2 protein chains.
Amino acid sequence: MAKDTLDTRQLILRAALKRFANGGYAATSVQDIVDDAQVSKPALYYHFKDKAGLFQALVHEAHDERYRILREAAAQAEGIRAQLENILAGLFDYFGKNRELMRISFATMFAAPGEVPENLSYTDKCERNFEFVRSLIKRAQKSGELDKHFDCQELAFGFYGLANFHLVGHLVCKDCQPDRLTAQRVVELFLAGAAPKADAKKIRVQSKEKK
Amino acid sequence: MAKDTLDTRQLILRAALKRFANGGYAATSVQDIVDDAQVSKPALYYHFKDKAGLFQALVHEAHDERYRILREAAAQAEGIRAQLENILAGLFDYFGKNRELMRISFATMFAAPGEVPENLSYTDKCERNFEFVRSLIKRAQKSGELDKHFDCQELAFGFYGLANFHLVGHLVCKDCQPDRLTAQRVVELFLAGAAPKADAKKIRVQSKEKK
DNA sequence: GCTGTTACCTACCGTTCGGTAGGTTTATGG
DNA sequence: CCATAAACCTACCGAACGGTAGGTAACAGC
């Protein structure tokens, strides 16, 4: 009994995931989902309150999974560089394997208010995830691993922006799958900056324009 | 006659903009739009092929406007730092004033395939805009203003990611409006990197962990 | 003054939507 | 052997959807 229940529920979730990810919330009909899952519509409404509730279940799962990856990746490394690399590599890897779930996560973050069901609470989970990265960066600033001249909010924004853009970018074009090497280079850019390095050759074009 | 035509068409476009931006494509009905615009449904279908055509008109406008800003901001400044700052400041400013149009632009870029009407071509315009930034960066690399150790694609990704994340972030929370100062600091982070500067104080925590 | 075109209008079409009422099967506990 | 409840099923609802058929008012050209 419990096994069958789980199966049906899981079947619905998997079908809904695929549909929502590929078609968005509004454009996906409940009929589509139950057809894919090969269950009846009342079966869906038995397991979930309504269409919005089904969607919410997926969104929560996506954000929680992402949080888990952040924490795990950070815990398995020492030093901010290795941590950021690990986080990026972990996200890249998970994105490759769970493209659809991640697409839902992003879609809800960036979507218009009405695109997604009302009363869908996800901002708290977004903030929690962002806050975790911010705390990492703040700690690294205290230990001297990161520049204290920047606000830790700015740095967190910077890294999160870099990370998310890469994730979205490679969500769109599915051929180019980013790997650990990509993660390393992204972190390198984040840490070292785009300007030419002073230790390589002293160039002072920049400072003239600044002031 | 021509005046009335323009008025009606413009009324529809403005109403559609507001609706699509706040509710997304699928969740917005043609009826909503014509109600807002205070025109009849056939009036809409007289001026536009269908719902998708109306949407496409808005998307194209958004991307083209963004392209215009990119070019103008780059032309009015010398040196990559000033150019990037100008671009960011220009985008920030335009986002504040044309929140809805920009929201549509972003929504289509990140949306699921089915969320947006089929046969909607926007990738070429996205690429054109990105390509412009890339060309700027490539030129700056040649002139020695940017580090040649990074691929220009990587740098363009980095800057575009930083920029877009800030834009999206401030699209979500409308209280915090980024200004030119924000633009300067973002560019500073992009150029200088997050790692502590050698000229300030020699710290060698990083290099120990790197290898 | 008739015709053609533009720029709409009212009224309605067929379809699909999210959701449900009410009956049926299956497992379990007494 | 029967009662209860879980886990569905078929069949259908009213509402809303995108889109259109067919009529009309206003003006231009001949």
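By convention in this document, chain letters (A, B, ...) are assigned in the order of the sequence lines, proteins followed by strands, and residues within each chain are numbered from 1. Note that the coordinates shown come from a computational prediction; the quantities given were computed from them, not determined experimentally.
Taking atom CZ of A:Phe55 as the reference point, atom C1' of C:dG18 lies 16 Å away to the nearest angstrom. Atom CD in A:Gln38 sits about 13 Å away from atom P in D:dT10, given to the nearest Å. Here the C1' atom of nucleotide C:dA7 and the CD1 atom of B:Ile12 are 11 Å apart, to the nearest Å. As rounded to whole Å, 14 Å separates atom C1' of C:dA7 from atom CZ of B:Phe48. The interatomic distance linking A:Leu44 (CG) with C:dC17 (C1') rounds to 14 Å, in whole Å.
Side-chain nitrogen and oxygen atoms of B:Tyr46 include none within less than 4.0 Å of the OP1 or OP2 phosphate oxygen of C:dC8. Side-chain nitrogen and oxygen atoms of A:His47 include at least one within less than 4.0 Å of the OP1 or OP2 phosphate oxygen of D:dC8. The phosphate of D:dC8 has OP1 or OP2 within less than 4.0 Å of a side-chain N or O from A:Thr8.
Take B:Tyr122 and apply the ring pair (Phe, Tyr, Trp, His ring centres under 6.0 Å) test, not counting sequence neighbours, and it matches no residue. Partners of B:Phe55 according to the ring pair (Phe, Tyr, Trp, His ring centres under 6.0 Å) rule, which considers only residues two or more places apart in sequence or in another chain, are B:Phe20, B:Tyr25.
Looking at B:Arg134 and B:Phe157, their side chains never come closer than 4.5 Å, going by heavy atoms from C-beta outward.
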What's touching nucleotides 17-20 of chain D from the protein side, N or O pairs under 3.5 Å?
{"residue": "D:dC17", "atom": "OP1", "partner": "B:Ser29", "partner atom": "OG", "Å": "3.3"}
{"residue": "D:dG18", "atom": "OP1", "partner": "B:Thr28", "partner atom": "O", "Å": "3.3"}
{"residue": "D:dG18", "atom": "OP1", "partner": "B:Val30", "partner atom": "N", "Å": "3.4"}
{"residue": "D:dG18", "atom": "OP1", "partner": "B:Lys51", "partner atom": "NZ", "Å": "3.0"}
{"residue": "D:dG18", "atom": "OP2", "partner": "B:Val30", "partner atom": "N", "Å": "2.9"}
{"residue": "D:dG18", "atom": "N7", "partner": "B:Lys41", "partner atom": "NZ", "Å": "3.2"}
{"residue": "D:dG19", "atom": "OP2", "partner": "B:Tyr45", "partner atom": "OH", "Å": "2.5"}
{"residue": "D:dG19", "atom": "OP2", "partner": "B:Lys51", "partner atom": "N", "Å": "3.3"}
{"residue": "D:dG19", "atom": "O5'", "partner": "B:Tyr45", "partner atom": "OH", "Å": "3.4"}
{"residue": "D:dG19", "atom": "N7", "partner": "B:Lys41", "partner atom": "NZ", "Å": "2.9"}
{"residue": "D:dG19", "atom": "O6", "partner": "B:Lys41", "partner atom": "NZ", "Å": "2.6"}

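By the neighbour-count criterion of 12 heavy atoms within 6.0 Å, atom CD of B:Gln177 is densely surrounded, having more than that number from other residues, nucleotides or ligands.
Listed for the A:Glu145 side chain is a donor-acceptor partner under 3.5 Å among the backbone atoms of A:Ile80.
For the pair B:Arg180 and B:Phe92, the cation-pi test (distance below 6.0 Å, angle within 45°) is failed.
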